[in-house]
Every structure is written in structure tokens, then in C-alpha cells.
Amino acid sequence: MNPTAQAILHFLLTWWVEIVCGVVIVAVLPLVAGYVVLVERKLMADMQARLGPMRVGPHGLLQPIADAVKLLIKEDIVPRDADGLIFWFAPVISMVAAMTSMGALAFGPTFQVARDINIGILFVVGVSSLGFLGIILGGWASNSHYSIIGAIRSTAQLVSYETAGGLAIVSALLLSGTLKIRAIVDAQYDHHVWFGFLAPVAFFTYLVASIAETNRAPFDLPEAESELVAGYMTEYSGFRWALYFLGEYANMIVVGSVATTLFLGGWLRPFPSVHWLDKPLGVLPALLIGGVGVYSIYRAGKQPVPIQTWFMWAVALACFAVAGIFAAPWVFAPLKFIIPGLNGAFWFLLKVGAYIYVFMWLRFTLPRYRFDQLMHLGWYILIPLAIVNVFAVGVALLLESEFGWNRWLALIVTTAFTLAIALFLVRLHDKRTTAGSSATAATTDSYAG
Amino acid sequence: MLDSILFYFFAGVAVLSAALMVTRRNAMHCAVFLITTLLATAGIFLQLRAEFLFIAQIILYVGGIMVLFIFVIMLVRLDVPIHQMRFRLQKWVAVFVALALGFEITTILLFARKLPGQGLFIQESFPADKLPPNSEALAQSLFSGYLLPFEIASVLLLVAMVGAVVMAKKKERTDES
Amino acid sequence: MADTVQDNATQQNGTLLGADELVLNMGPQHPSTHGVLRVKLKLDGERVRGTECVIGYLHRGVEKIAENRSYQQFAPYVDRMDYVAAVSNGLGYCEAVEKLLNVEAPPRAKVIRTILTELQRIASHLIWLGTHALDIGALTPLFYCFREREEILKIFEKYCGARLTTHAFRIGGLQYESYDSFEKDVERFCKDFERHIQEYVDLLTGNSIWIGRTRNVGVLNAADCIAIGASGPILRASGVKWDLRKAQPYAAYDQYKFEIPTGTNGDTYDRYMVRMEEMRQSRLICLQAIENIPEGPILGKVGKVLKPPAGEIYHSIEAPKGILGYYIVSDGGTQPYRVRIRPPSFVNLQALDKMTRGHLVADVVAIIGTLDIVLGEVDR
Amino acid sequence: MMSPAHYLFLSLALFLIGCIGVVTRRNVIVILMSIELILNAVNINLVLFSRIFGDAAGQVFALFIIADAAAEAAIGLGIIVAFFRNRETVLADEMDLLKW
């Protein structure tokens with residue numbers, strides 16, 4: 001065999017795990033993003049006393065596939081004197097940024113594309129911050145007035161909330177002491193507590209910053225329908241628009257995974273160190289998915305069209321198959337070794353799902369911030385709070401290591417100190433807006449400058 | 001084998017996009033090509049086992065400075081027709097001088113070892129596996145050996161921030177109703 | 001259209017940075033202008049320097065049509081003006097013509113008319129709340145409001161067969177007797193409505209983002225209101241306690257006890273509170289009214305062919321949007337010589353320029369929402 | 001491991017392209033970008049020798065260069081924005097305020 005083929009074979013042999021994981025992520029992501037969209041529409045409908053997509057497939061289960069096909073077929077309109085090269089390239093940037101940052105994430109103790117990079121979390125945050133390059137270039141390239149304003153607004157928002165998010169991550173990293181993702185989760189196992197409880201203010205700041213970073217819920221101003229039609233996405237249609245849309249949802253999953261790894265104990269099951277819970281919580285995933293299968297059989301009978309009943313039966317079978325995989329290691333011993341990987345992935349995805357559920361929940365209930373209020377909240381309240389929190393966690397760790405305070409006592413004292421500062425900031429903010437109650441809200445006009 | 005493939009890929013991308021950056025007329029295209037060069041050099045840093053610098057380059061350079069450039073290019077509408085691109089002698093003089101400089105340095109690099117006695121001695125490179133973990137080593141020397149420059153750099157950044165804000169601030173309109 | 005092309009031309013080569021006056025078109029085709037209203041915003045950066053409304057896209061010449069229709073034939077046209085509160089339009093017109101004929105509608109007709117008008121007021125306010133909240137970004141209230149409005153439309157449909165443009169009233173009284181479960185339906189609606197209003201209050205009233213977006217936005221004080229002639233919730237929100245149902249009682253309003261809610265500093269939040277309170281008051285009126293609907297005929301002594309004596313009258317009622325006035329001139333024939341309608345939305349729309357000055361683009365959307373204008377009524 | 005000469009040639013090439021960019025381009029923003037390119041070329045050298053000697057000092061210095069590049073870009077663009085506001089031009093050879 002000639003040397004190049006030999007070298008390629010060697011390369012494949014050493015890296016096949018990473019390549020497989022990578023391919024799985026790239027293939028599964030559009031599907032997962034599609035079904036996250038379906039879940040969001042169903043949840044929104046449920047909260048608004050209506051049914052949501054019901055027509056395509058039973059209970060709208062095939063809706064994402066229908067959406068994907070529609071977007072592929074739709075015509076790609078390029079505005080007249082748009083900047084060809086950048087117009088095509090911008091959505092690709094935001095999609096690629098989201099996907100590469102997913103490469104470093106660990107979806108379970110075993111499932112990780114890039115094994116223990118030394119700068120794990122920093123890599124994820126850094127590459128996902130490339131995403132908003134795609135947004136600003138997209139806004140500029142489509143050469144329409146609305147999209148330029150949308151692009152400038154969304155970039156200003158992303159830049160300011162990324163600082164707050166970064167500082168919140170710093171205070172969590174203080175607790176874990178390392179950047180490696182797997183080491184962070186192990187640190188949470190050693191501390192026998194999730195960092196979300198140890199540094200609640202950091203968790204809350206990161207939650208707010210991540211919502212703003214993915215342009216969602218009360219901060220979804222750049223594409224506020226009522227004013228700027230669709231912000232930087234106005235001129236995009238068909239497949240390019242789908243890329244942006246996918247990029248947004250992939251970003252949401254990335255942000256959810258970072259929060260879960262840092263604050264919600266990654267793939268640790270709820271009470272990791274309580275050993276008598278091992279068996280019940282171990283079997284729980286299999287039971288849950290089996291339950292879903294039984295429910296879909298129950299629904300299969302009620303479908304109006306026979307084809308839908310068949311489809312519901314297929315869904316039921318799929319659920320039972322997955323439940324079988326989860327239950328198999330408990331049944332016969334030799335498969336014992338895959339339990340941590342499988343259950344870990346289950347708990348991780350459950351927590352990411354819960355985190356994204358909070359995103360959606362906020363989207364349906366809260367009205368939208370005005371742009372200057374949004375920037376004001378970011379710069380005057382969130383960033384100072386994050387800085388003070390980094391300082392407070394540092395002091396807490398110092399108190400605990402040098403003066404031998406109990407860890408919990410130190411953290412409670414410092415969190416109280418941070419919350420006092422937060423209250424002061426909020427009151428300062430309220431006094432300022434009510435004081436400036438003249439006809440024009442005397443806020444900094446960040447855009448006009 | 002993998003190393004050389006990666007190196008030639010990154011080097012090729014870097015040089016090509018740098019050349020394109022210098023020649024493009026539309027400033028936004030220049031910015032995009034500069035971003036590709038920066039990402040390629042970040043790849044080179046990674047190959048030289050400097051991963052903290054790799055991520056610092058991505059976050060600071062591409063995520064920070066280039067966004068600043070793109071913002072200014074967007075605000076300063078440049079599509080005012082640039083008609084003055086007439087042929088100027090200056091361009092060719094510059095290219096010639098650069099090539100002369102390049103030739104000069106390549107001769108030094110290539111023939112250094114051959115000159116007796118005082119050639120450019122390039123030491124055998126440090127074994128890869130005994131390298132300390134990168135970000136820890138960087139932090140170690142940054143906060144112990146180079147603490148003072150670190151503080152000065154932060155002051156420098158503060159001054160730059162204040163200067164930029166003051167300069168770019170629009171004079172508050174007097175008729176602000 | 002020439003000037004706008006010129007406006008945009010100057011704006012094109014002005015760079016974003018050095019732009020002096022940027023003219024942004026919130027064109028007739030815009031998701032938040034409640035119909036075909038075009039607003040030309042003169043912007044300095046993001047701050048609004050001035051607005052100019054361009055209307056007339058929905059002009060159908062209703063008043064000219066009235067001149068060659070008989071009095072009864074013109075009644076359905078009136079519903080098409082404020083298509084969101086058709087019943088109140090009908091009430092206004094019928095009472096105006098009855099005044100012309102100086103005929104009095106029988107007491108039973110008056111009470112049923114009052115109940116239907118108050119239900120229509122609640123339905124109109126529900127549409128306002130839903131779309132206003134949607135413009136400011138809250139997606140959910142819209143569906144709750146439309147769920148309640150559906151109940152009201154069911155009652156209308158059972159009563160007169162139509163949901164939106166009902167043509168429920170006739171000159172001189174009513175056409176249809178109230179169907180047998182009328183009282184029960186209205187009572188069931190009013191009982192549920194108490195709980196539903198609480199849902200809106202939970203969603204919006206205490207919400208700090210909602211307060212942030214509405215407090216001190218689009219302030220219109222009492223003097224400006226009166227100068228512009230604004231009426232309805234906008235007038236009452238700036239502190240003027242003026243409601244025709246109390247000032248010049250018509251139909252059966254004098255028989256019922258209800259308060260007139262007023263605000264203090266006339267901003268969007270006060271208008272929101274005033275309209276929410278008005279919905280509660282309307283509910284109380286309906287409850288009091290269905291206790292005793294008097295027996296008796298439902299149509300007064302009005303002949304088939306109406307030839308009112310020559311003369312003119314002006315009669316106004318309190319429509320959900322404000323004072324809706326009818327000025328009818330008759331020359332003794334079967335067709336009115338002239339019908340002039342004073343729509344509240346048209347008058348209230350004038351306040352848009354004064355209210356939006358100095359605000360941001362996002363506020364313009366909130367202000368258009370709080371004005372609660374319907375373009376069918378503005379353009380007639 | 002690629003021999004250090006390769007990296008030196010790469011940084012030399014980038015440095016030369018940067019110099020050509022600074023000298024020939026008329027648009028001040030592109031000149032600033034070429035300066036960023038030159039700083040980047042220098043960074044490659046620093047990181048190379050930090051890798052050869054196994055000492056992190058080179059990378060620390062590269063970090064300082066990035067910080068300095070950020071400050072320089074902020075100030076440079078601030079000047080350009082201020083200049084553009086009252087001269088409506090960004091081309092280097094039209095910035096001849098001293099010529100009367």
C-alpha cells in the first residue's frame with residue numbers, strides 16, 4: 001500500500017471516534033432544530049388556548065420535515081444590487097460558527113467530538129461569538145435600509161450582552177478552577193452540588209445574557225416584526241433564510257449546553273453522590289421513553305386518517321426501541337459499561353431541554369424591550385452585576401480557603417452582598433427613568449452617536 | 001504528514017486572503033478577507049501548540065476589532081464612487097521596494113548556516129510532549145513575570161476606550177426637543 | 001407621490017452617519033398600523049422628529065352614497081365604518097333618525113339595545129388590547145382576548161344572524177325579538193369575563209417590561225386633548241371626566257349605575273388602565289340590564305316609508321373609540337339630503353404627531369396601538 | 001514538526017503584503033487593516049520562537065500585541081469617524097488639512 005493511503009488509513013484509525021461524533025452532530029442538528037421549532041410552536045399554542053400545527057402528520061409531527069422541504073424549494077431572492085459574495089456567505093458563517101462551537105461540547109461523559117481541549121468552555125464561547133459576524137455581514141450585504149438598522153442593532157446588543165455572559169462564565173470557572181468541560185462536571189461531582197446553587201447570581205446573569213445573545217424573547221428586538229419587519233433577515237428567503245434560522249436554534253442549543261455544563265451539573269443525574277438512588281434513577285430514562293411509546297399507541301387509535309395511525313404506531317415502536325436500548329444494560333450485565341454514557345447523555349439533554357423550555361416560556365409571556373431600555377439594562381445593570389459577582393465569588397473562595405469559613409456560609413454572605421448591590425443598581429435605574437419623565441425618555445441614544 | 005498538510009493549508013489561505021485584502025476595491029471585501037487571514041493565522045497558532053492565543057485571536061481580533069472595522073465601514077458609506085484609482089507610479093515603487101526587502105531577508109534565512117561562525121543558529125525545537133499545559137503556563141508567566149506590563153496594558157486599553165468614545169461622539173444637537 | 005421620491009433621493013446619498021433628516025415610511029402595508037394607514041416618520045437617528053399620516057386608502061364615499069339611499073337602506077352601510085364596533089354605529093344612526101322623526105323607541109327595545117352596545121364595547125376593547133399587546137411584543141394576550149370576543153360574537157350571531165357587521169337595529173326599535181336563552185348567555189359571559197379580565201391583569205398590568213414600554217409614552221394632557229377634540233378613553237385618560245353615557249344619556253343608560261374611569265397623566269399606561277376599567281363597567285351594566293328587561297313591543301310607530309319633516313339634527317353617542325356623531329339634513333323626501341358622520345378615530349388620529357414627537361420608532365408603534373384607530377372609520 | 005524556516009517565510013510574506021497594503025492603498029481604513037496584518041505577522045514569529053524555546057514569554061508578548069492592536073484600532077477608527085464627519089472623505093491623499 002502506498003504511503004499516502006497508509007497515512008490516510010492511520011489518520012482515520014486514530015480519529016474515527018471524533019469523526020463519527022462530528023458527522024452525527026452535523027447530520028442530527030437540522031433535525032433536532034426542526035423538532036425544537038415544532039415543540040416551540042406546540043408550547044406556544046398550548047399557552048394560548050389553541051392547538052398549534054396539527055395538519056402535517058399526527059399532531060403535526062411531520063411539520064418540521066414539511067418546513068424543511070418548503071424552504072428548500074422556495075426561490076432564493078437576491079436583492080438587486082446586493083453584495084453577491086457576502087450575501088451568500090453571511091448565513092453560512094452564522095451556521096458554521098454554531099456547529100463548530102458544538103464540536104467542543106460534551107453531550108455525555110463519552111460523547112464529545114473534540115476530546116478534552118485544554119480551553120473547552122472558552123473555545124465554545126469564542127467560536128459562537130463569531131456567529132454575529134454572519135448577522136452583521138448579512139444585514140450589510142442585503143443593502144436595504146431596514147436590514148442595515150436591524151444588523152447594527154443586533155450587533156450592538158450581542159456585543160454588550162456577550163460581555164455580561166462572559167463575566168458570568170468567569171465566576172462559574174472560579175468555582176471549577178479549570179476550562180476543560182469534563183473537568184468542570186467532575187468538579188461539580190466532587191463539590192456534591194451544582195454550581196447553579198453555589199453562584200445563583202452568576203447563573204441568573206448568564207440566563208439573561210444568553211437570551212439576549214440568541215436574539216430571543218424579550219430581547220428579540222433586531223427582528224421585531226412590528227418595526228423593522230425582520231431585521232437583518234428581511235431580504236433572505238428560501239434556503240439562506242433557513243440557514244439563519246438553523247443558526248439561531250443551534251446557538252440556542254449551544255448556549256443551553258454551556259449553561260448546563262457550567263451551572264446545572266452537565267451529565268450528572270440529580271443526586272449524583274446518593275448511591276441508593278442509582279437503580280431507580282438509572283432505570284428512569286427507559287421508563288419515561290417507554291411511557292411516551294404507550295401514550296402514542298393510545299393516541300394511534302384516535303387518529304382520523306389510517307396513514308396517521310400507522311405513523312403513530314411507528315413512533316411508538318421507535319420509542320420502545322430507544323427504551324429497550326436504555327433498559328438493556330440493566331437486564332444483562334456485560335453491557336454495564338455503556339450505562340454512564342447513555343444515562344449521562346439522557347440527563348444532559350433533559351437539562352438542556354429544560355433550559356430551552358425557559359427560553360420559550362419567556363418568549364410567550366413577556367412583551368419586548370425597547371432598544372435603549374435593552375442597552376440600558378445590559379450596560380447599567382447586568383455588566384456591573386456580573387463584575388461584582390466575579391469579585392464576590394473570588395472573595396468567597398478566599399474566605400473559604402484562607403479563613404476556613406464553611407463554603408456555604410461564605411457564598412451566602414457574598415451572594416447577599418451582590419444582591420444588595422443589584423438592588424441599589426435597580427433603584428438607581430428606576431430613579432433615573434422616573435426622574436427623566438419628560439416627554440422624551442432621557443436615555444443614552446446609543447444608536448444615533 | 002498531517003502537520004505539513006495543515007501548515008500548507010493555513011499558510012496558503014493566509015497569504016492568498018492577505019493578497020486579496022490588499023487589492024480589493026470594496027472595503028467590506030477587504031474586511032472579510034482580513035478576517036479569513038486572521039482565522040488562518042489562528043490555525044497556525046494552534047499548530048504551534050499555543051491554543052490560548054488561538055482562542056484569544058478569535059475572540060479579540062475577529063470578534064472584537066474586526067467588528068469595529070465593519071461597524072465603521074457600515075457607518076461611513078464608502079460606495080461613494082472611488083474614481084480616483086488612476087494609475088500611479090507610487091504603487092509599483094512600493095511593490096519593488098517590498099520585493100527587494102523580501103529578497104534580502106530570504107538570503108539571510110537561507111544562507112545563514114553556511115556563513116562560517118556567526119550564522120543564524122536555530123536551536124533544536126523543544127520536545128512537544130514535555131511542553132507545559134498552555135493556558136496554565138501562559139497565566140503563570142503573565143501574572144508573575146509580566147504583571148507590570150499587564151497593568152500598563154489595561155491602562156492603555158482604558159485610555160484608548162475613553163479616547164475613542166470622546167472622538168466619535170456626535171456633538172449633542174442643540175435643538176434636542 | 002412626487003415629494004416622497006424626492007425625500008428618499010436626498011436620503012439615499014446622505015450617509016447614515018451624516019444623515020440630517022431620514023424619512024422612514026411606515027407604509028400602508030405594515031404589520032402594526034391597524035389597517036391601511038401610512039405614516040411618514042421624519043427621523044433623526046432613532047428619534048422621531050415629526051410624523052405625517054397619509055390616509056384615504058380605505059375611502060368608500062359612504063356619505064355620498066347616503067344621499068341616494070333611503071333611511072332604512074343606509075343603515076347597513078353604517079356598520080361598515082367602524083367594522084370592529086358595528087352595533088354602536090347602528091345605534092347612533094337609528095337614534096339620530098328617530099330624533100329626526102321625533103319617535104321614541106319602546107323601553108324593551110332600549111334595554112336590549114343597551115345590552116348589545118355594551119357587549120360590543122367589550123368586544124372592541126378586547127381587539128384593542130390584543131393587537132396593542134401584540135405590537136409591544138406580548139404574544140399571548142391576543143389569543144385570550146379573541147377567545148372572549150368569540151363568546152360575544154356567538155351571542156350576536158344567535159340574536160341577529162351576523163357576527164361582525166350585524167345591522168341589529170332598525171329605525172324605531174328592533175327587528176328581532178331576543179331569543180329565549182339571551183339572558184342566560186349574557187349572564188354566563190359576564191360571570192366568566194370577571195375571571196378572564198384577571199388573566200389579562202396578571203399578564204400585563206404588573207409586568208415591568210409592559211410598564212417600561214407604556215409609562216410616559218405618548219403623553220397627551222387634557223388641554224391638548226380638548227384642543228384636538230380627542231374623545232373617549234384618550235380624553236378620559238388625561239383626566240377629563242366626560243362620557244356621553246352620563247353627560248347626555250341615551251338609550252337606557254340613565255337607568256343603570258356605573259362609574260366613568262379616568263386617568264391622571266394621559267400616557268399609554270393610563271389609557272390601558274382606563275379601557276380595562278371600562279370593560280369592567282360595561283360588564284356591570286350588562287348584569288344590571290338583564291335583571292329586568294321590560295315586556296312590550298320592540299318596534300315603535302314607524303311606517304314602512306319614512307319621510308321625516310324637512311330639517312336637520314345632530315345626535316352623538318359614546319362609541320368604544322370616542323364620540324360618534326351623526327348630522328343628518330332631510331329635505332322632506334325619503335332620502336336624506338346630507339349625512340355627515342363625526343368618527344372618533346379620525347379626530348383622535350390628529351394627536352399622533354404631537355404624541356410621537358421625541359420618541360423612538362418602537363414607541364410610534366405603541367402609540368398607534370393606544371390611539372385604537374380603525375381605518376374604516378377614519379377614511380369612511 | 002515543520003521546520004521553523006517555513007513559519008519565518010510565512011510571517012515574512014504576510015509582513016511584506018501588509019507593507020504593500022499600507023503604502024499603496026488610498027483608503028485609510030484599509031491602511032489600518034494592513035497595519036493589523038503586519039502586527040499579525042509579528043505575532044506568528046513570537047509564537048514560533050516561544051514554541052521553539054518552550055517558554056511562554058513569547059505568547060505573553062503576543063497577547064500584549066493583540067491588546068495594543070485593539071487600542072490602536074479603536075483610536076484609529078475614532079479619528080476616521082471624526083474626520084469623516086466634517087470632511088466627508090476617507091481617502092488618505094485628501095487629508096491635506098495643512099495645505100491652504
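Protein chains get the first letters and strands the later ones, always in sequence-line order, with residue 1 at the start of each.
- Nearest heavy-atom pair across B:M167 and D:A82 is O-CB, 3.7 Å.
- Using a 4.5 Å cut-off between heavy atoms, B:A11 contacts chain D through both its backbone and its side chain.
- Using a 4.5 Å cut-off between heavy atoms, D:F15 contacts chain B through its side chain alone, with no backbone atom that close.
- Contact of D:A74 with chain B is made through backbone and side chain together, with heavy-atom distances under 4.5 Å.
- For B:S154, no part sits under 4.5 Å from any heavy atom of chain D, backbone or side chain.
- In this structure, D:F64 and B:I152 have side chains that are not in contact, with every pair of non-hydrogen atoms separated by 4.5 Å or more.
- The shortest distance between side-chain heavy atoms of B:Y146 and D:L63 does not fall below 4.5 Å.
- Looking at D:L14, only its side chain comes within 4.5 Å of chain B, counting heavy atoms on both sides.
- When heavy atoms are compared at a cutoff of 4.5 Å, D:N43 approaches chain B by way of both its backbone and its side chain.
- More than 12 heavy-atom neighbours from other residues, nucleotides or ligands sit within 6.0 angstrom of CZ on B:F143.
- With a 4.5 angstrom heavy-atom cutoff, D:E72 does not touch chain B via any of its atoms.
- With a 4.5 Å cut-off on non-hydrogen atoms, D:L12 touches chain B through its side chain but not through its backbone.
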